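For reference, the structure discussed in these notes is given below.
Scope of the values below: all heavy atoms of this structure, side chains included, with no hydrogens, waters or symmetry mates. No experiment lies behind these values; they were computed from the predicted model shown. Chain identifiers are assigned alphabetically (A, B, ...) following the order of the sequence lines, protein sequences preceding nucleic acid strands; residue numbering begins at 1 within each chain.
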Number of protein chains: 2
Amino acid sequence: MGLCEGEIAPSNSAAGHDFDHRSIIQTIPARRTICHPNEWSEYISIICSGWATSSIALPDGRRQILSFLLPGDIASLAGLFEPVCGPLIEAVTDVSCRTFKRGELKSVLLSRQDLLEKMTRNLLEEKKQADELAVDLGRRTAEERLSRLILKLQERLAKRGMVRNQSFEFPLRQWQIADATGLTPVHVSKVLGELQRAKLIEIKERWLTILDLPELRRVADRCVIKVHFSGPRTG
Amino acid sequence: MGLCEGEIAPSNSAAGHDFDHRSIIQTIPARRTICHPNEWSEYISIICSGWATSSIALPDGRRQILSFLLPGDIASLAGLFEPVCGPLIEAVTDVSCRTFKRGELKSVLLSRQDLLEKMTRNLLEEKKQADELAVDLGRRTAEERLSRLILKLQERLAKRGMVRNQSFEFPLRQWQIADATGLTPVHVSKVLGELQRAKLIEIKERWLTILDLPELRRVADRCVIKVHFSGPRTG
DNA sequence: CGGATAGTTGAGTTATCTCAAATGCAGTGG
DNA sequence: CCACTGCATTTGAGATAACTCAACTATCCG
């Protein structure tokens, strides 16, 4: 069983080997809530197909999307130890997911060192992503945030074999992009428009194509002192 | 051994029971780097006294502080499985910390189910904090961010018995506060000034006092409307 | 004393937001 | 099949939170 992003084939037989029989496949229509925050739940889900969001909503309507969940991703590892999952999980598209009983999943994990280590690495990776998000939101411009979002999605989808010719399905609404980048839908529209007019990307019929990868990367890292180097470097 | 924030007494004998003898106490002067990002290191440290920061720096000088490390905190759990710790760890004040060999710490952890679970919970808590930071940076105003930073520090210090009468030592420079809140030092100065003129807090001689906790909470959660006060105006 | 580091304050700038109107598009029901 | 309603998106104009720059003061420390 792979708990690391991209390791799990997004098919139905994906998530578990030794305890598939203890899981249920569920289907959730687009825009529906998958998991309420601070609500008691016995279950933990892994996305098998479709996109979902994990977000935190403030009482006055503001909200921040913490991550987009793609096939193979676990909806809230946080739910493993606590009966409440913390963030709000919602389906972007129609989503199918495999659902496990919390207690069972936990005991299987705790009994197998290798799985446990995988889960820990997974959690560490999530933490790293969260840290990067904080940098994006705290210190990067709208252009950078949007370019980076696109590039990251592209990478993650590529790992799953869901990108062809720099094109991939892109079901996000602009208000969702806004909530993910800490911007306003209006501003997202403007900046996305600029990126398209500059021929860096194209968005059409819910598909996104990266037209100029190197340039998009430059915009995404407006800081990079263009080092073109000839070998692997680390510092 | 307590891996959860606040569980560890901030004394020297704090961090380990069964393997204290395998650790070294280190002292780092203020402003010095404790752990370089992306640099190979055999060691993992737990803060025993003093404050430190965990941050990510962009090549062009922008930086985002991800968290302040207080006595009892682990400097980068991420370092447990990877030889590089990711963020940059720096001492704010003089810091003393207990340092373990990565491999040894890891093997002890993996061999004891209870410790492992504690560590996992700890990691989940860190993730939760990171998520909240993202909400702050993405969706909250400067006033909110600063009030919340102060309140969170107060809570964490209180758990450690380091708060008396709503007062605690506050060694942070305004540029550090700026890097933690995604703001500019100049703007931090202005907003902090307002909070003080409004008698919500007082900062003097590296000590911070919360003068009006309920009101500060309200500002931190902007659920509430502007309160009129008759003191000096702020513009 | 002189030089570095911090903090404050004011003036002007800018990135991003708010509001609003216009367009498109997709699904519904008559 | 069409009118209708509800979402999404685009675009413009004006407002504002936060930024930059710069000058001034205070503090620390050798």
Roughly how many Å is it from [atom1] in [X] to [atom2] in [N], rounded to a whole number?
X: Leu172(B); N: dT5(C); atom1: CG; atom2: C1'; result: 16 Å
X: Lys204(B); N: dA26(D); atom1: NZ; atom2: P; result: 17 Å
X: Glu143(B); N: dA18(D); atom1: CD; atom2: C1'; result: 13 Å
X: His187(A); N: dT11(D); atom1: NE2; atom2: C1'; result: 13 Å
X: Gln174(B); N: dT8(C); atom1: CD; atom2: P; result: 5 Å
X: Asp179(A); N: dA8(D); atom1: CG; atom2: P; result: 12 Å
X: Arg206(A); N: dC25(C); atom1: CZ; atom2: P; result: 11 Å
X: Ile177(A); N: dT9(D); atom1: CD1; atom2: P; result: 7 Å

Indicate yes or no for a side-chain donor-acceptor contact from Arg98(B) to the backbone of Ile24(B) under 3.5 Å, with no hydrogens or angles considered. no
Backbone N or O of Cys35(A) within a donor-acceptor pair of the Thr33(A) side chain at under 3.5 Å? no
Short side-chain N/O contact to dA4(C) OP1/OP2 from Arg31(B), under 4.0 Å: no
Just to confirm, is there a sub-4.0 Å distance from OP1 or OP2 of dT10(D) to any side-chain nitrogen or oxygen of Ser189(A)? yes
Please work out if Arg197(A) contacts a base, only the sugar-phosphate, or nothing of the nucleic acid, heavy-atom cut-off 4.0 Å. sugar-phosphate
Assign Arg145(A) to base, sugar-phosphate, or nothing according to its heavy-atom contacts below 4.0 angstrom with the strands shown. nothing
Assign each of Val191(A) and Pro185(B) to its nearest nucleotide of DNA chain C by heavy atoms, then name whichever residue's nucleotide is nearer the 5' end. Pro185(B)
Is it the case that Ser45(B) and Thr99(B) place a side-chain donor and acceptor less than 3.5 Å from each other? yes
Is it the case that Ser147(B) and Glu144(B) place a side-chain donor and acceptor less than 3.5 Å from each other? no
Side-chain ion pair, Lys127(A) and Asp131(A), N-O less than 4.0 Å: yes
Kindly point out which of dC19(C), dC17(C), dA6(C) is positioned nearest to the side chain of Arg173(B)? dA6(C)
Of the listed dG10(C), dA6(C), dA18(D), the closest approach to the Lys190(B) side chain comes from dG10(C)
